[in-house]
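Reading through the structure tokens given below for one structure.
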Amino acid sequence: MDRFDPRGKVNRALLVGVSEYEFTRPKHRDGVPGQLPAVAHNLAVLVRALERGGVLRPLEITVARSPRLADFRHSLRAAAGSAEGLLLLYFAGHGAVPSAGDELWLQMRDAEVVRGETAGFEGAARFTNVLRILANSHAERIVVVLDCCNAGNAARVWEAVERPDVRRRVSVLMSVQANHRIDAGDADTPTPFTARLVELLTSGIEDQGGDEGQGDEVHFLALAEALRAYMSTHHRTERGEAWEPQSRTENPPVDVVLGIRAGAGRPVGSRAEAVGAGAASRPTSGRRRGRAFVARVRAAAARLRSGAVGPGALRSSAPAPNRPPGGRSTRRAAVVLLVLAAALGLVGYFVVDNAASDRSVCGPPVELRLLTDPDLESTVRKAADTYLTSAANTTGGGCRRSGITVYGAGSAAVVAGLRDQSDPWQRPVSDDTDPQRDIGPQPDIWIPGTRATAARARSLGVARTYVTLEPDAAPFAYSPMVLSLPQGIAEDSQRERTGDSLAGLRAKLARRDKSASLRRPDPEYTDSALLATVGLYGPGSADVGRAEGSVAQTGPPAPTAGDLLCTLPDNADTDRSTAALVPEFLMVSGVGCDRTTRTPRMAEYPDDVPGLTPTFVRVRWTGGDRDGAARDDAVRRFHDWLTSTGLAVFGQDGFRAPSGARAFLAAHDSATGLISDPGRPAGAAGADAMDTALNQYRNAKGPGRVLFLLDSSGSMAGLWQGPGGAPGILKQSLGGLGTQDEYGVWSVASPGRGPYAELLPFGPHKRGDAERALDRAAVKDAEADPYGALKAALDTMDRKGRDDDRPELIVFLTDDEDDNHLTAKGHLDELLISAREKRVPVVMAALDSGGCAKGRPDQRISDASGGRCLDTKGDLVAGLRDEVARTGTGDE
């Protein structure tokens, strides 16, 4: 049997334990059955087992304690995005299934059960969607462990996955068979399934088999079988039937190494070996005896907690009142257990198993949520990772004070969310306005690209706000905006590369190379791109249309400056004459695609484009003060570290000091194409100037036109209902369209009367009218004809746009089930020719993870038209909203 050993690779584990729920019955009619205190113990013991197992390093393990659904999604995407070897997802909490259907829903902290709906699980993660996110990971092997009621229903979801590569990489271990509820354990111990799981990971599995030298390894298949054998013999489900854990993996299977038995492979002279050597009377092969001892110690510990054995029996005084967890009382309990161990003659075993780290007495650290500008996300994440293991974040006992979850989101969306949507951010009330979904969890800390952005996000006082922003008085770093030019067309002398406006530098560039062009990222998405737009439009902003025309390109702009530098044209000749308006720091370390850039680049410094000024903002939420003192302390400690010691991380990535001479925070080689002293920097950006530039950008070419094509064929039936169904996805994208924009919706199915039917006539609409039209959409008992519908759509939009330059877009939302109509002889070639000639961007939105694979029709059509291809490998809903918003005015 093939075997996958992840040791030495970049591995990740996300351990999710939901022990606390906001809504529980009977207090809340729609709440979950109750709290799960045993789950908190699961996380503590599993972290220690994995750390000692030798496969996952401590920094590769992320613990999510009772996360809300939005927090869980972001943590899952982060883990999936960074794993290369093994990706392990563990979930313990309530698991639910609808009254009709086999889908499993993992219920997070904010879960509710809406009565009367077959999919009425708010605040819960659908396992199908979990698998979709995991499928996007580049990890070689993915292991999912579920400890919840109805866990076995995940097997049916796994079996229904159509992509063989997903089933090949993903193995699932489920605590119980489908449609069975299980005992959650008591408040003082882990749940039964996880307790046994941890014991097997720690003590190993007898008669596991394997090659020589592998006997101490714990493998997935043997672990699954050992859990099934033990649980089915010793436990019963709530129905009274045998409790039978399940597993699914590819056939033929590839086994995965998940850990090394505790004590195996210890280096000579290690502390564990030295302590254990004193117990000479204990046989070296006494694995059964050791496990029996652990069971007896657990029983003794339980009696100690219940009062059956009191500290007084060992002449110890009563613990001080209000002693925090992990204090003196915990140590006394450890002493009691050691005395019990000594009575059994097994002190050596106990110390080997428990003395590896004092972290066993650590309580859970406060988890801070840090939201930042997408251009800054990589550097901020490096800084947060450095802080987590620093002395500033470590107690005298070696415990972490806090954890930090870093995530980025579009700048314009964040400003709107904090300024106008703080109420739905705390408690989403509709599908169209849900900042938790579109941006992420409510942040404790926000680091925007400029201090002016924090000012833009302050409430206008029109409606009640539920958030307070406390920005620092000054930024903590600085990076000027530069023209990043290929060396072949850049000025040779430093003097000519500074001391001029953007217009002046562009004029010089045009004289040197008439074919030179300029690109800038999406001003909706990052502060740096909006600052570039402020400079591009100039102080008068007399002709925004001409300014936008000077940076026009095929297809949508790159979302971030890093993406822009990574996606310059593939044609080497074109690349040699393309300038990019980006933050200077990205020319040092912010681009992870150096091997794909064609030519070395140099920076020119316009003196009228405001620079990036990252600023620390404390964010406070109404009602979010339950652990206010601890959270304030954690934020203060991180702030003090970041704005002093932590600046070294920003220095390494190419940032400068925020004031004075604006010198680099760290030395950088002149080979990077930068200038140490570029002269007088541009003035700071103003909030009004940034808002004005954004509005001008949105309306540069007037109202937009969008034609939506909705695949209504029979194969879409399973992708139709709810906010995540096809009509619901289109409804969510309507927020980017205003009353001046024109749009319509075609239902694409072919019951014999042509390739489409008009669902919403083309023209300006009120949002409510358009949504009601989509509510009336129905699946037809017919195939779709994407060839005929797209050809007609291109002809229609071409006619409408002949007499003006208004932005246009075609959106086709489909499951790709009827692609045979596209690939029929001559059809695709004819469609590609039409798309290139008419130049109406087409967004192909495929409800399929492989829809945008290289060479697929969706990708080729979007490329030929200058549009964009979206599929479920990425965030299709957010991507579609962005594309529609870029075309429309959004003026309601």
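Residue indices begin at 1 and follow the sequence shown.
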His94 side chain to Val18 backbone, donor-acceptor under 3.5 Å: no
Contact check, side chains of Met844 and Gln859, non-hydrogen atoms, under 4.5 Å: no
Exercise: identify the closest heavy-atom pair between Cys869 and Gly851: SG-O, 4.1 Å
Nearest heavy atoms of Gln107 and Tyr21, plus distance in Å: O-OH, 2.8 Å
Side chain proximity check, Asn393 to Trp641, heavy atoms < 4.5 angstrom: no
Asp373 side chain to Ile447 backbone, donor-acceptor under 3.5 Å: no
Nearest atoms (heavy-atom pairs only) where Gln246 meets Gln177: CG-CA, 3.7 Å
Atom pair CD/CG of Gln436 and Asp110 - distance to nearest 0.5 Å: 6.5 Å
The single option from Glu60, Arg7, Lys9 passing side chain to side chain contact (heavy atoms under 4.5 Å, CB included) against Val55: Arg7
Tyr90 vs Val16 side-chain heavy atoms within contact, under 4.5 Å: no
Cys852 versus Leu870, closest heavy-atom pair with distance: SG-N, 3.2 Å
Test log, rule side-chain hydrogen bond (donor to acceptor under 3.5 Å, both in side chains), inputs Thr560 and Asp563: CA-CA 5 Å; Thr560 70; Asp563 290 329; 3.0 Å; yes
Gap separating the CD atom of Glu140 from the CG atom of Asn11, nearest 0.5 angstrom: 9.0 Å
From CA spacing to verdict: side-chain contact (heavy atoms from CB on, under 4.5 Å), Val130, Phe72: CA-CA 10 Å; Val130 170; Phe72 167 73; 4.0 Å; yes
From CA spacing to verdict: side-chain contact (heavy atoms from CB on, under 4.5 Å), Val143, Leu173: CA-CA 8 Å; Val143 173; Leu173 175 57; 5.6 Å; no
His235 and Tyr230 aromatic ring geometry - parallel, tilted or perpendicular at 30°/60° bounds: tilted
Interatomic distance, Leu104 atom CG to Cys149 atom SG [nearest 0.5 angstrom]: 10.0 Å
Test item: Asn136 side-chain N/O and Gly81 main-chain N/O as donor-acceptor pair under 3.5 Å: no
Residues forming a ring pair (Phe, Tyr, Trp, His ring centres under 6.0 Å) with Trp158, sequence neighbours excluded: none
For Leu847, the option from Leu813, Thr814, Asp816 that meets side chain to side chain contact (heavy atoms under 4.5 Å, CB included): Leu813
Closest heavy-atom pair and its distance - Leu719, Arg132: CD2-NH2, 4.3 Å
Exam field: side chain Asp444 to backbone Arg369, donor-acceptor pair closer than 3.5 Å: yes
Inter-residue atom distance Leu134.CG - Asn129.CG, 0.5 Å rounding: 11.0 Å
Side chains of Met108 and Phe91 in contact at under 4.5 Å (non-hydrogen atoms): yes
Salt-bridge criterion met for Arg141 and Glu250 (N-O under 4.0 Å): yes
Arg196 and Glu199 ion-paired at < 4.0 Å: yes
Side chain to side chain donor-acceptor pair (under 3.5 Å) against Ser175, all qualifying residues, sequence neighbours excluded: none
Side-chain donor or acceptor of Asn153 paired with backbone N/O of Asn179 under 3.5 Å: yes
Close side-chain approach of Asp183 to Pro192, heavy-atom, < 4.5 Å: yes
Main-chain N/O of Ala135 paired with Arg169 side-chain donor or acceptor, under 3.5 Å: yes
Pair Phe220-Phe4, side-chain contact (heavy atoms from CB on, under 4.5 Å): steps then yes or no: CA-CA 10 Å; Phe220 176 86; Phe4 176 69; over 6 Å; no
Rounded distance (nearest 0.5 Å) linking atom CG of Leu376 with atom CZ of Arg381: 12.0 Å
Arg228 side-chain N/O to Pro245 backbone N/O, donor-acceptor pair under 3.5 Å: yes
Close side-chain approach of Leu14 to Leu89, heavy-atom, < 4.5 Å: yes
Derivation of the side-chain contact (heavy atoms from CB on, under 4.5 Å) call for Trp446 and Val414: CA-CA 10 Å; Trp446 178 33; Val414 172; 3.8 Å; yes
Heavy-atom side-chain proximity of Leu642 to Tyr387 below 4.5 angstrom: no
Minimal non-hydrogen separation, Ala38 against Thr191, with atom names: CB-CG2, 3.8 Å
Ile61, Val145, Asn42 screened by side chain to side chain contact (heavy atoms under 4.5 Å, CB included) with Leu15, the one that passes: Ile61
Any donor-acceptor N/O pair, Asn150 side chain to Gly95 backbone, under 3.5 Å: yes
Arg65/Glu367 salt bridge by N-O under 4.0 Å criterion: no
Straight-line distance of Trp243 CH2 to Ser232 OG, nearest 0.5 Å: 11.5 Å
Main-chain N/O of Ser19 paired to Ser66 side chain as donor or acceptor, under 3.5 Å: yes
Side-chain heavy-atom pair Pro190, Val198 within 4.5 angstrom cut-off: no
